[in-house]
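One-based numbering along the sequence shown. No experiment lies behind these values; they were computed from the predicted model shown.
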Amino acid sequence: MKKSVLTRYRVMAYVTAVMLLVLCSCMVFKYGFDMGEDVTFAVSQVHGFLYIVYLIFAFDLGSKAKWPFGKLLWVLLSGTIPLAAFFVERKVTRDVEPLVSGVEPAVAKA
């Protein structure tokens with residue numbers, strides 16, 4: 001697997017996660033303080049577009065890494081849960097880096 005597949009996933013995971021946090025902040029201002037409705041609409045549109053790009057890159061990575069359906073679903077949904085994409089991205093990177101470098105992970109002996 002090429003390193004670029006992992007890199008694009010990682011970039012989109014961070015961008016999507018940051019945009020989701022910005023969107024949550026905008027929602028607080030919109031519904032809590034009754035201000036920023038136009039900004040909230042714009043941020044939600046941008047996040048929606050970026051989330052679709054994230055889905056494409058995450059699905060591409062998952063298909064090349066041959067993930068089971070449950071793991072792929074969790075990675076795809078992590079872009080909709082605030083802060084989850086940060087943690088999922090870190091775990092995915094740890095799991096996929098051996099596939100990118102071509103080195104098999106060492107198995108611990110009991």
Side-chain angles (χ1 to χ4, degrees):
M1 178 187 324
K2 293 183 180 180
K3 186 168 180 66
S4 63
V5 175
L6 178 60
T7 303
R8 353 181 252 204
Y9 163 75
R10 292 184 72 193
V11 168
M12 285 311 300
Y14 279 117
V15 169
T16 303
V18 169
M19 284 303 296
L20 185 58
L21 291 176
V22 171
L23 178 60
C24 289
S25 300
C26 288
M27 297 293 270
V28 167
F29 280 102
K30 179 181 176 183
Y31 293 109
F33 303 108
D34 200 27
M35 56 190 278
E37 186 172 332
D38 295 335
V39 175
T40 303
F41 178 75
V43 170
S44 68
Q45 296 298 308
V46 171
H47 171 70
F49 175 76
L50 292 173
Y51 180 67
I52 291 170
V53 175
Y54 167 79
L55 288 176
I56 293 167
F57 289 163
F59 185 79
D60 183 40
L61 178 66
S63 64
K64 289 181 178 165
K66 296 182 171 66
W67 289 339
F69 180 72
K71 181 175 183 174
L72 179 62
L73 187 63
W74 172 241
V75 172
L76 294 176
L77 288 175
S78 69
T80 63
I81 303 168
L83 299 177
F86 292 113
F87 298 106
V88 171
E89 180 276 330
R90 188 173 180 128
K91 181 167 179 13
V92 164
T93 300
R94 210 172 326 134
D95 293 345
V96 173
E97 275 190 337
L99 298 174
V100 171
S101 64
V103 178
E104 293 296 320
V107 177
K109 295 181 180 179

Original post:
Near F86 CZ, under 6.0 Å, is it more than 12 heavy atoms from other residues, nucleotides or ligands?
Top reply: yes
Original post:
Is V11 linked to V92 within one hydrophobic cluster, defined over Ile, Leu, Val, Met, Phe, Trp and Tyr using a side-chain heavy-atom separation of less than 4.5 Å?
Top reply: yes
Original post:
Are any non-hydrogen side-chain atoms of V75 and F59 less than 4.5 angstrom apart?
Top reply: no
Subject >> Side chain proximity check, W67 to L73, heavy atoms < 4.5 angstrom >> reply: no
**OP:** Enter the distance from Q45:CD to L50:CG here, rounded to the nearest 0.5 Å.
**Re:** 11.5 Å
Original post:
What are the two closest non-hydrogen atoms of A85 and A13, and how far apart are they?
Top reply: CB-O, 3.9 Å
**OP:** Examine V53 and I81 and state if one hydrophobic cluster contains both, with Ile, Leu, Val, Met, Phe, Trp and Tyr joined whenever side-chain heavy atoms are less than 4.5 Å apart.
**Re:** yes
Original post:
Hey, quick one: are F41 and Y31 part of the same hydrophobic cluster, counting side-chain heavy atoms closer than 4.5 Å, chains of contacts allowed?
Top reply: no
Original post:
Do T93 and E89 have a side chain donor and acceptor closer than 3.5 Å?
Top reply: yes
Subject >> Gap separating the NZ atom of K91 from the NZ atom of K71, nearest 0.5 angstrom >> reply: 5.5 Å
Original post:
Which atom pair, heavy atoms only, marks the closest approach of S78 to A84?
Top reply: O-CB, 3.9 Å
Original post:
Are L21 and V28 co-members of a hydrophobic cluster defined by side-chain heavy atoms under 4.5 Å apart?
Top reply: no
Original post:
With a 4.5 Å limit on heavy-atom distance, are the side chains of L20 and T16 in contact?
Top reply: no
Subject >> Stepwise side-chain contact (heavy atoms from CB on, under 4.5 Å) test for Y51 and T80 >> reply: CA-CA 8 Å; Y51 180 67; T80 63; 3.5 Å; yes
**OP:** Check whether any side-chain heavy atom of V46 lies under 4.5 Å from a side-chain heavy atom of F49, and answer yes or no.
**Re:** no
**OP:** Report yes or no: do L77 and V88 belong to one cluster of Ile/Leu/Val/Met/Phe/Trp/Tyr joined by side chain heavy-atom distances under 4.5 Å?
**Re:** no
Subject >> Approximate separation, where rounding is to 0.5 Å, of L72 CG and K66 NZ >> reply: 13.5 Å
Subject >> Any side-chain heavy-atom pair of F57 and T7 under 4.5 Å >> reply: no
Subject >> Sub-4.5 Å side-chain heavy-atom contact between C26 and V22 >> reply: yes
Original post:
How far does NZ of K2 sit from CG of L61, to the nearest 0.5 angstrom?
Top reply: 14.0 Å
Original post:
Which distance, rounded to the nearest 0.5 Å, do you find between the NZ of K64 and the CG of D60?
Top reply: 4.0 Å
